[in-house]
Amino acid sequence: MIRSVVLSLFLIFITSNQAISSQVEIKFKIETEIITNQDIVNEINYLIAFNNKLKNLSSTEIKKIAINSAIQEKIKLIKLKEVFNLDEDAEDLKKILIENLLNNFNFDNL
């Protein structure tokens, strides 16, 4: 009995995981960087989090803005990788970014 329940749950997990993974599509490729549909959704959420006025726009307008923003971010990342080795400097860069975010939003701590 327990074995059949575990097996059923396992099969449900596997099939649902495959369904989720099949929904991710590559939308744009900029040199070696890609932008997926999930990146665009994340960018929409990010932009709305920083600017609530975007909620007043239509979904197609928000999507266009998010796509342009995601493309600009990938271009910036490519240019940064040309100048800096981001893998080695990741911890220092992370500290700088966190400090800047904390200062810009007047947070006391992370």
(Q) Please report the interatomic distance CD1(Ile67) to CD1(Ile62), rounded to the nearest 0.5 Å. (A)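 CD1 of Ile62 is found 12.0 Å from CD1 of Ile67.
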
Q. Looking at residues at least two apart in the chain, or sitting in another chain, which of them share a ring pair (Phe, Tyr, Trp, His ring centres under 6.0 Å) with Phe28?
A.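 With neighbours one apart ignored, the set is empty.
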
(Q) Which residues pass the side-chain hydrogen bond (donor to acceptor under 3.5 Å, both in side chains) test with Ser58, not counting sequence neighbours? (A)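 Partners of Ser58 by the side-chain hydrogen bond (donor to acceptor under 3.5 Å, both in side chains) criterion, ordered by chain and then number, come out as Thr60, Glu61.
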
Output side-chain donor-acceptor pairs under 3.5 Å for residues 33-40, partner residues at least two apart or in another chain, one line each.
{"residue": "Glu33", "atom": "OE2", "partner": "Lys81", "partner atom": "NZ", "Å": "2.8"}
{"residue": "Thr36", "atom": "OG1", "partner": "Gln38", "partner atom": "N", "Å": "3.4"}
{"residue": "Thr36", "atom": "OG1", "partner": "Asp39", "partner atom": "N", "Å": "3.1"}
{"residue": "Thr36", "atom": "OG1", "partner": "Asp39", "partner atom": "OD2", "Å": "3.2"}
{"residue": "Asn37", "atom": "OD1", "partner": "Glu25", "partner atom": "N", "Å": "2.8"}
{"residue": "Asn37", "atom": "ND2", "partner": "Gln23", "partner atom": "O", "Å": "2.8"}
{"residue": "Gln38", "atom": "NE2", "partner": "Asn42", "partner atom": "OD1", "Å": "3.1"}
{"residue": "Asp39", "atom": "OD2", "partner": "Thr36", "partner atom": "N", "Å": "2.9"}

Q.
Membership question, hydrophobic clusters at under 4.5 Å side-chain separation (ILVMFWY): are Ile75 and Ile65 in the same one?
A. yes

Q | Pairs touching residues 64-80 that satisfy side-chain hydrogen bond (donor to acceptor under 3.5 Å, both in side chains), sequence neighbours left out | A |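 Found Glu43-Ser69.
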
Table please: side-chain donor-acceptor pairs of residues 46-56 below 3.5 Å, with sequence neighbours left out.
{"residue": "Asn51", "atom": "OD1", "partner": "Lys53", "partner atom": "N", "Å": "3.1"}

